[in-house]
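Heads up, the thing below is written out as structure tokens.
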Amino acid sequence: MRALITGGNGFIGSRLAQTLTQKGWEVDVMDLPLDITQKGAWMLKLNNIDYVFHLAAKLDDYSETPSISEYIDTNVKSIGLLFEVITEKKLYIKKIVFASSQSVYGDSTFFMNEKDVLAPLSMYGATKATAETLLFALGVMYNIRTVALRYSIVLGAGQKYKDADSRILPCFVDMAQKGEIITHENGLQTRDFIHVKDAVDVTIFAAKNLTGIFNVGSGDTTSVMEVAKYIGAHFEAEIQTSGKSRINTARNQVMNINKIKQAGWSPRLTWRDAVDEFIASLPPPVA
């Protein structure tokens, strides 16, 4: 099997590429400096491909003034370009696996399922929801099988620190190493976390077995404070709350994963396994 992974040098994409290669797939990666918003990049990379794993995206930046056009180009226009090149070159693609997000749902204290009305709170969530609509419409028009996976928050070794407002695992570990973790709000915000190994496993499972929309997560409710305390215990760090809310983001997001479990896939690992793996991968402290 031959696969193209957009965002293949990223956190999930690199693990997916490694796993597929170990399973005997031929893997090509489309990542910077190749730009998914440029047709020429797709023209270059889409030859002799069986499966497209479209993981590349512009992620949340929690800015009061997000670059609206950049979100649309990266997260939506890229879908159109993908299909445009496939149809122009008359390529046979067995399936397109699209990385969507729980962000399409917005805020909810209930377990969100695939039939719920979408109410995104950010440009990231809004463009992922729009991209899903375009993906399935074009899939029907051109008879290409498609699947969208609405990932929860993916954790694991290899995740890079970005800033104090995102990527909870490297952010909290960075704080803990300095002696204190400070959570947003009161720390009781709820989330669903999935180990990166499970995220990769379900992505491959979807390519082989699924079409349609599926929630991907642990199916469990975990508070931000639980994660902070678990990481803090590793480093004997204090836990504090800031009372400050992040803009353009949900307070509570947990997902119902019954649909994908009924299709034959269930997570095997926990967010604690992901934290342990991440901490074990850290370089030893400088004496």
Side-chain angles (χ1 to χ4, degrees), residues 11-12 57 59-64 66 100-114 116-129 149-156 159-196 198-199 215-235 237-257 267 269-276 278-279:
F11 171 49
I12 301 173
L59 304 177
D60 276 324
D61 61 12
Y62 306 105
S63 168
E64 293 183 4
S100 189
S101 166
Q102 66 178 5
S103 294
V104 300
Y105 291 113
D107 200 338
S108 176
T109 56
F110 302 99
F111 282 89
M112 302 172 289
N113 68 61
E114 293 85 349
D116 286 345
V117 175
L118 305 185
L121 300 174
S122 65
M123 280 302 302
Y124 176 68
T127 49
K128 282 294 185 180
L149 302 178
R150 292 175 177 168
Y151 297 96
S152 65
I153 300 172
V154 184
L155 304 178
Q159 204 162 18
K160 304 298 183 184
Y161 178 87
K162 181 183 177 186
D163 55 50
D165 282 327
S166 59
R167 298 180 183 172
I168 184 172
L169 177 51
C171 177
F172 277 8
V173 168
D174 181 72
M175 289 182 182
Q177 290 175 316
K178 298 171 183 175
E180 181 182 62
I181 297 176
I182 303 174
T183 75
H184 287 96
E185 302 184 32
N186 61 2
L188 301 181
Q189 312 91 287
T190 55
R191 292 290 185 269
D192 183 310
F193 299 104
I194 183 172
H195 196 295
V196 65
D198 279 336
N215 288 342
V216 171
S218 68
D220 296 325
T221 302
T222 304
S223 72
V224 170
M225 182 60 72
E226 286 180 75
V227 179
K229 287 181 176 179
Y230 188 77
I231 294 172
H234 276 269
F235 298 93
E238 295 184 5
I239 312 298
Q240 301 290 337
T241 58
S242 70
K244 175 186 174 184
S245 299
R246 292 193 305 184
I247 64 171
N248 304 327
T249 192
R251 173 172 171 77
N252 300 296
Q253 283 191 318
V254 290
M255 293 197 298
N256 182 320
I257 62 167
L269 300 165
T270 70
W271 65 263
R272 290 180 176 84
D273 294 325
V275 171
D276 294 344
F278 183 92
I279 293 174

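FYI, the numbering just counts along the sequence from 1.
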### Task
Quick one: closest heavy-atom pair of Ile168 and Phe193, and the distance?
CG2-CE2, 3.8 Å
### Message
Between Asn215 (side chain only) and Met112 (backbone N and O only), is there a donor and an acceptor less than 3.5 Å apart?
### Response
yes
### Query
Could you go step by step and tell me if Ile257 and Val216 meet the side-chain contact (heavy atoms from CB on, under 4.5 Å) rule?
CA-CA 6 Å; Ile257 62 167; Val216 171; over 6 Å; no
### Message
Could you report the tightest heavy-atom contact between Leu118 and Ala129, atom names first, then the distance?
### Response
CD1-CB, 3.9 Å
### His184 backbone acceptor or donor facing Gln189 side chain under 3.5 Å
yes
### Query
Is a side-chain donor or acceptor of Gln253 paired with a backbone partner of Gly106 at a separation under 3.5 angstrom?
yes
### Message
Under a 3.5 Å cutoff, is there a donor and acceptor pairing between the side chains of Thr241 and Asn186?
### Response
no
### Minimum-distance pair of heavy atoms, taken over all atoms of Lys128 and Ala57
NZ-CB, 3.6 Å
### Task
Return the set of residues passing ring pair (Phe, Tyr, Trp, His ring centres under 6.0 Å) with Tyr230 (not counting sequence neighbours), or none when no residue passes.
His234, Trp271
#### Entry: Closest contact, heavy atoms only, Gly217 versus Ser152
CA-OG, 3.4 Å
### Message
Contact between Tyr105 and Met255 at the side-chain level, heavy atoms closer than 4.5 Å - yes or no?
### Response
yes
### Message
Between Ile231 and Leu169, is there a side-chain heavy-atom distance shorter than 4.5 Å?
### Response
yes
### Task
Without swapping roles, check the side chain of Asp192 against the backbone of Gly219 for a donor-acceptor pair under 3.5 Å.
yes
### Message
Tell me the closest heavy-atom pair linking Phe172 and Thr183, and the distance in Å.
### Response
CZ-CG2, 4.0 Å
### Task
Working to the nearest 0.5 Å, report the span between OH of Tyr151 and CD1 of Ile194.
8.5 Å
### Message
For Asp116 and Phe110: C-alpha separation, side-chain torsions, deciding distance, then whether side-chain contact (heavy atoms from CB on, under 4.5 Å) applies.
### Response
CA-CA 11 Å; Asp116 286 345; Phe110 302 99; over 6 Å; no
### Message
Does this structure show an ion pair linking Asp276 with Arg272, if we count only N-O contacts that are shorter than 4.0 Å?
### Response
no
### Task
Apply the test side-chain contact (heavy atoms from CB on, under 4.5 Å) to residues Gln177 and Met175: give CA-CA distance (whole Å), side-chain angles for both, the deciding distance (0.1 Å), then the verdict.
CA-CA 5 Å; Gln177 290 175 316; Met175 289 182 182; over 6 Å; no
#### Entry: Ser101 and Arg150, any side-chain heavy atoms less than 4.5 Å apart
no
### Message
Apply side-chain contact (heavy atoms from CB on, under 4.5 Å) to residues Ser103 and Tyr124 and explain how you reach the verdict.
### Response
CA-CA 7 Å; Ser103 294; Tyr124 176 68; 3.7 Å; yes
### Query
Between the side chain of Asp273 and the main-chain N/O of Thr270, is any donor-acceptor distance below 3.5 Å?
yes
### Task
Check whether any side-chain N or O of Arg167 sits under 3.5 Å from a backbone N or O of Leu155 as a donor-acceptor pair, and report yes or no.
no
### Atom pair CZ/OG of Arg191 and Ser223 - distance to nearest 0.5 Å
10.5 Å
### Query
Is Asp107 reaching over with its side chain to a backbone N or O of Asn252, donor-acceptor style, under 3.5 angstrom?
yes
### Query
Distance from Arg251 atom CZ to Leu188 atom CG, nearest 0.5 Å?
6.0 Å
### Query
Measuring from Cys171:SG to Gln159:CD, what's the distance to the nearest 0.5 Å?
10.5 Å
### Task
For Pro120 and Ala126, work out which heavy atoms get closest and say how close.
CB-N, 3.5 Å
